[in-house]
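Because the structure is predicted, anything quoted here is derived from the model rather than measured. For the numbers below, each heavy atom of this structure counts, side chains included, while hydrogens, waters and symmetry mates do not.
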Amino acid sequence: MAIIPTLPTSQSADSFTHQLLALSLPATADSLQIADACTAFASVLVETDDAETRRALCGRLLDALGQLHSLCDSDLSPYLVKQLLEGEKIDSCAPDCWQNAATQVEYAQALTQAIQGATLSASVEKTLTGLLHDMVWLLAEFVKESSVTQAA
């Protein structure tokens, strides 16, 4: 079930951004859907120069990260927990010290809040936006990876 709008070739990027900002994440969304929404917000944010739109995207990203954070414990794969408890090596996209999705979400939230505050120099804000983008994509991959290992 896709909840992220798609960008047909006839639509402008501005129209897509407005669709994305208007996107309502259902209360029943699972961690994979929310992770996808987070990556969409981060991807558009990294390409947006307008300050008002950037603040709105940060706000939506913070909301989605909050939803994802609340699902971290309930959606954690029992298979992954068992491997972590047994000390087995897991081939993961995330480093060993980041094997907790909640911690990754909190890092992404802190970066988003720093960017949303609009108190940083332009170069620092651009660099942190890139870091946030990469962090959110890594988080989304980790969430997907956790779901795959659960199904195994």
Side-chain angles (χ1 to χ4, degrees), residues 1-8 11 13-50 53-85 88-117 120 124-152:
M1 176 176 94
I3 59 173
I4 307 299
T6 57
L7 181 59
Q11 277 188 315
D14 285 343
S15 178
F16 177 76
T17 301
H18 292 299
Q19 278 186 323
L20 188 60
L21 287 171
L23 176 70
S24 176
L25 291 172
T28 58
D30 63 27
S31 58
L32 295 175
Q33 292 169 317
I34 295 171
D36 283 345
C38 289
T39 60
F41 292 130
S43 293
V44 173
L45 178 65
V46 83
E47 298 294 329
T48 301
D49 293 324
D50 178 68
T53 304
R54 290 177 61 78
R55 280 191 299 278
L57 285 164
C58 284
R60 293 306 318 273
L61 179 55
L62 280 171
D63 289 342
L65 287 168
Q67 284 183 277
L68 188 58
H69 192 273
S70 69
L71 293 174
C72 284
D73 292 333
S74 63
D75 273 6
L76 191 58
S77 160
Y79 175 80
L80 181 59
V81 171
K82 182 179 178 209
Q83 282 188 324
L84 290 171
L85 291 175
E88 295 179 24
K89 175 66 179 150
I90 302 169
D91 291 330
S92 176
C93 66
D96 290 342
C97 60
W98 285 4
Q99 289 296 314
N100 179 338
T103 300
Q104 292 184 53
V105 170
E106 289 165 6
Y107 290 163
Q109 287 172 317
L111 283 169
T112 305
Q113 289 169 343
I115 293 164
Q116 188 179 35
L120 306 168
V124 170
E125 184 175 324
K126 181 177 181 168
T127 300
L128 289 183
T129 300
L131 177 61
L132 174 63
H133 172 271
D134 295 350
M135 181 80 207
V136 168
W137 276 87
L138 179 65
L139 173 61
E141 287 302 311
F142 183 75
V143 168
K144 291 173 187 172
E145 176 182 284
S146 186
S147 296
V148 168
T149 56
Q150 183 179 15

**Q.** Point-to-point distance, once rounded to the nearest 0.5 Å, from CG of Leu128 to NE2 of His133
**A.** 14.5 Å
(Q) Donor-acceptor pair, distance only, cut-off 3.5 Å: does the side chain of Arg54 make one with the backbone of Thr48? (A) yes
Q: Report the distance from atom OG1 of Thr127 to atom CD of Glu125, rounding to the nearest 0.5 Å.
A: 10.0 Å
Q. Going by heavy atoms in the side chains, are Val136 and Leu111 under 4.5 Å from each other?
A. no
Q: Working to the nearest 0.5 Å, report the span between CG of Leu23 and CG of Asp63.
A: 11.0 Å
Q) Going through the distances and angles, do Leu65 and Ile34 end up as a side-chain contact (heavy atoms from CB on, under 4.5 Å)? A) CA-CA 8 Å; Leu65 287 168; Ile34 295 171; over 6 Å; no
**Q.** Distance-only donor-acceptor check, side chains His69 and Gln109, under 3.5 Å
**A.** no
Q | Derivation of the side-chain contact (heavy atoms from CB on, under 4.5 Å) call for Phe41 and Cys58 | A | CA-CA 8 Å; Phe41 292 130; Cys58 284; over 6 Å; no
Q: Compare every heavy atom of Leu120 with every heavy atom of Ala114, then report the nearest pair and how far apart it is.
A: O-CD1, 3.6 Å
Q) Between OG1 of Thr39 and CG of Leu139, what distance do you get to the nearest 0.5 Å? A) 9.5 Å
Q) Is there side-chain contact between Leu25 and Gln67, with heavy atoms separated by less than 4.5 Å? A) yes
Q. For Arg60, what residues pass the salt bridge (charged side-chain N to carboxylate O under 4.0 Å, His left out) criterion, not counting sequence neighbours?
A. none
Q. Roughly how far, to the nearest 0.5 Å, is the CG atom of Leu20 from the CG atom of Leu45?
A. 10.5 Å
(Q) Just verifying a value: how many Å separate Tyr107 OH and Leu131 CG, rounded to the nearest 0.5 Å? (A) 11.5 Å
Q. Side chain of Ser43, backbone of Ala40: donor and acceptor closer than 3.5 Å?
A. no
Q: Show your working on side-chain contact (heavy atoms from CB on, under 4.5 Å) between Asp30 and Gln33 and close with a plain yes or no.
A: CA-CA 5 Å; Asp30 63 27; Gln33 292 169 317; 3.4 Å; yes
Q) So which heavy atom on Thr129 is nearest to which on Val46, and how close? A) CG2-CA, 3.7 Å
Q) Side chain of Glu141, backbone of Leu138: donor and acceptor closer than 3.5 Å? A) no
Q | Least distance between heavy atoms, Met135 atom then Ala108 atom | A | CG-CB, 4.2 Å
Q: Kindly give the heavy-atom pair with the smallest separation between Ser31 and Leu71, and that separation in Å.
A: N-CD1, 3.7 Å
Q | Heavy-atom pair with the smallest gap, counting every atom of Cys38 and Ala64 | A | SG-CB, 3.6 Å
Q) Between Asp50 and Thr17, is any pair of side-chain heavy atoms under 4.5 Å apart? A) no
